[in-house]
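The structure appears below as structure tokens.
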Amino acid sequence: MMAVGMTRKGYSCGVLDADITGPSIPKTFGVHGQLEGCEEGILPARSEGGVQMISINLVLPHEDDPVIYRGPIIAETVKQFCLTLYGTTWTSCLSICLPERDVPLTVFQSLPVDGIIVVTSPQDLVSMIVGKAVKMAKMMNIPVLGIVENYSYLACPGLVRLSIDRCTATYV
């Protein structure tokens, strides 16, 4: 959504979907099909609103095909995406969708990163994982520019609460 907002303000924005085994950016933007290439490398796909993107999902023969890569191949794929982007002028602002695991380290070592914006949600487990990501960024001298907390004020009508010990369900 940050890339959408920046594009609406007139910036040329792109999103690198670095979540190789769980790519979601093209589906989020309603983009389907295959990436195309040229002498300079991979040409990013473009959403209807003008946001450019690169994702493994736009390289697969079918968008619902699983990506069954081990860590070293995932890291190499991310590096190749980063090499394609580094030094190109296709975007003035690049957002990188990072999963947890070791992909952030690959990106931090492959691209000049100005800073990160951490996206979290209000669950204890997520807080622990995000805390580790923030510590890693600080250890690598990557500034944390902000934190976005999704679902922090979300009230779900009709939400089902389960009580495992009583085997009952109540609607809120």
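The structure presented is a predicted model; accordingly, all values stated were derived computationally and were not measured. Throughout, residue positions are numbered sequentially from 1 according to the sequence presented.
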Using atom types as modelled, flag every donor-acceptor pair under 3.5 Å from a side chain in residues 19-27 to any protein atom, sequence neighbours excluded.
unit_1	atom_1	unit_2	atom_2	d
Asp19	OD1	Gly22	N	3.2
Asp19	OD1	Arg101	NH2	3.4

Using residues 61-68 as the side-chain source, report each donor-acceptor pair under 3.5 Å to any protein atom, sequence neighbours left out, with the distance given to one decimal.
unit_1	atom_1	unit_2	atom_2	d
His62	ND1	Asp65	OD2	3.4
Glu63	OE1	His32	ND1	2.7
Glu63	OE2	His32	ND1	3.3
Asp65	OD2	His62	N	3.3

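Criterion: ILVMFWY side-chain heavy atoms under 4.5 Å apart, direct or through other members. Under it, Val31 and Leu35 are part of a common hydrophobic cluster. Under the 4.5 Å side-chain heavy-atom criterion for grouping Ile, Leu, Val, Met, Phe, Trp and Tyr, Val134 is not connected to Ile129 through any hydrophobic cluster. Tyr11 and Leu94 are not part of a single hydrophobic cluster, where members link through side-chain heavy atoms under 4.5 Å apart. Ile96 and Val4 fall within the same hydrophobic cluster, where Ile, Leu, Val, Met, Phe, Trp and Tyr residues are linked whenever their side-chain heavy atoms come under 4.5 Å apart, directly or through other members.
Other members of the hydrophobic cluster containing Met2, listed by chain and number, are Ile117, Val119, Leu145, Val148; membership follows side-chain contacts under 4.5 Å among ILVMFWY residues, whether direct or relayed.
Listed here is the closest heavy atom pair of Val107 and Val113: O-CG2, 4.3 Å. In terms of heavy-atom proximity, Met136 sits nearest to Leu105 at CE-N, 3.9 Å. The two residues Leu98 and Ala18 have their closest heavy-atom pair at CD2-CB, 3.8 Å. Nearest heavy-atom pair, Ser47 versus Phe29, reported as atom, atom and distance to 0.1 Å: CB-CD2, 3.8 Å. Between Phe81 and Ser55, the closest heavy-atom pair is CZ-C, 3.9 Å. Taking each heavy atom of Ala45 and Leu58 in turn, the nearest pair found is CB-CD1, 3.6 Å.
For Gln34, there are no side chain to side chain contact (heavy atoms under 4.5 Å, CB included) partners, not counting sequence neighbours. In this view, Val126 and Thr120, Ser121, Gln123, Val130 satisfy the side chain to side chain contact (heavy atoms under 4.5 Å, CB included) rule, not counting sequence neighbours. Residues passing the side chain to side chain contact (heavy atoms under 4.5 Å, CB included) test with Thr7, sequence neighbours excluded: Cys13, Val51.
Residue Met1 holds its CE atom at 6.0 Å from CZ of Arg8, rounded to the nearest 0.5 Å.
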